[in-house]
Amino acid sequence: MGTDGTSRIDPAIGRRLRGLREARGLSLSELARRAGVGKATVSGLEHGTRNPTLETMYAIAAALSVPMSALTLDPGAPAGAASPVLGTAVVSTLLEVFREPGATYEMFRLRIVAGVEQTSPAHPPGVTEHLSVVGGTIRTGPAAAPLTAGPGEHVSWAADVPHVYAALGGEDAHAILLIRTPHDPRPPGRSAGEQAAQARGRRGRLSG
């Protein structure tokens with residue numbers, strides 16, 4: 001059993017999407033091509049006739065080079081105004097957005113539904129994800145080399161590759177996810193060893 005789309009159709013998502021697309025001079029067809037989704041999907045989102053899934057929202061945000069909160073939240077609005085977004089396995093609720101000169105940080109509460117795995121598309125270069133497990137056991141990180149973490153543990157990875165989320169053990173899992181999106185999407189210079197380490201992800205235990 002999985003999830004599907006936002007908790008409700010939010011026409012404001014379409015308004016924000018259209019504004020971002022037009023500001024970049026992109027046609028519906030070109031944005032759809034860059035995001036790897038159908039033109040009808042983008043059109044349906046802009047017209048408020050289709051529920052966006054979490055995977056689609058991330059794909060479109062990546063194609064526009066913006067954090068996902070740019071689609072779900074008006075500038076200056078409280079995080080609680082954003083509707084939860086549902087993916088194949090993940091219910092994602094925005095808790096807070098932090099903006100600094102070099103990056104935007106988005107904090108989400110995740111419920112990961114047992115029995116199905118979600119693969120999320122790659123974010124732009126330089127984006128990293130940092131997930132702390134609150135309850136249950138989660139397999140997450142780069143799709144090519146995911147890691148497993150339980151309560152009190154955290155996983156971090158470079159999110160510019162496809163990555164997965166799955167609850168193990170037959171029960172839903174819960175986590176807090178922090179996504180860091182640099183304002184300059186160009187990745188910093190990294191050695192081959194650093195690139196390999198980030199591609200694998202890393203796991204640790206929360207102190208305290």
Side-chain angles (χ1 to χ4, degrees), residues 3-88 90-110 118-130 157-163 177-189:
T3 65
D4 186 19
T6 56
S7 58
R8 58 183 174 85
I9 293 179
D10 183 357
I13 290 177
R15 169 177 55 78
R16 299 182 195 107
L17 170 55
R18 185 181 304 109
L20 290 165
R21 176 179 63 79
E22 292 178 348
R24 287 156 176 76
L26 298 175
S27 66
L28 281 170
S29 297
E30 178 60 17
L31 177 57
R33 185 191 68 79
R34 293 186 183 189
V37 301
K39 179 181 176 181
T41 296
V42 178
S43 179
L45 295 181
E46 288 197 359
H47 287 89
T49 60
R50 179 170 298 196
N51 266 356
T53 65
L54 189 58
E55 295 93 326
T56 297
M57 292 284 280
Y58 275 130
I60 291 174
L64 293 168
S65 296
V66 297
M68 190 178 72
S69 59
L71 297 173
T72 61
L73 201 63
D74 285 326
S83 298
V85 183
L86 286 58
T88 303
V90 175
V91 180
S92 175
T93 302
L94 182 66
L95 298 178
E96 191 56 271
V97 180
F98 310 91
R99 294 182 177 87
E100 294 185 348
T104 294
Y105 298 81
E106 300 166 301
M107 182 179 292
F108 299 91
R109 179 174 65 245
L110 303 186
Q118 176 173 318
T119 300
S120 288
H123 296 299
V127 176
T128 56
E129 295 198 13
H130 312 266
W157 65 93
D160 54 2
V161 295
H163 41 287
L177 176 66
L178 182 69
I179 300 180
R180 179 186 183 276
T181 302
H183 295 160
D184 182 351
R186 292 175 299 177

Next item on the list: Working to the nearest 0.5 Å, report the span between CE of Met107 and CG of Leu178.
Entry: 5.5 Å

Next item on the list: Hey, could you give me the NE2/CD distance between His183 and Glu100, rounded to the nearest 0.5 Å?
Entry: 8.5 Å

Side chain proximity check, [X] to [Y], heavy atoms < 4.5 angstrom:
| X | Y | result |
| --- | --- | --- |
| Val127 | Thr181 | yes |
| Leu71 | Leu64 | yes |
| Asp74 | Arg15 | yes |

Which atom pair, heavy atoms only, marks the closest approach of [X] to [Y]?
| X | Y | answer |
| --- | --- | --- |
| Pro121 | Ala59 | CG-N, 3.8 Å |
| Leu17 | Leu31 | CD1-CD2, 3.8 Å |
| Pro182 | Gly126 | CD-O, 3.5 Å |
| Pro78 | Leu73 | O-CD1, 3.1 Å |
| Gly102 | Arg180 | O-NH2, 4.4 Å |
| His163 | Ala159 | CE1-O, 3.7 Å |

Notebook entry, point to check: Using 30° and 60° as the class limits, which term best fits the ring planes of Tyr58 and Phe108: parallel, tilted or perpendicular?
Noted result: perpendicular

Check: Can you name the one residue among Arg16, Glu96, Glu106 that meets side-chain hydrogen bond (donor to acceptor under 3.5 Å, both in side chains) with Ser69?
Finding: Glu106

Check: So, the side chain of Arg18 versus the backbone of Glu46: is there a donor-acceptor pair under 3.5 Å, distance only?
Finding: yes

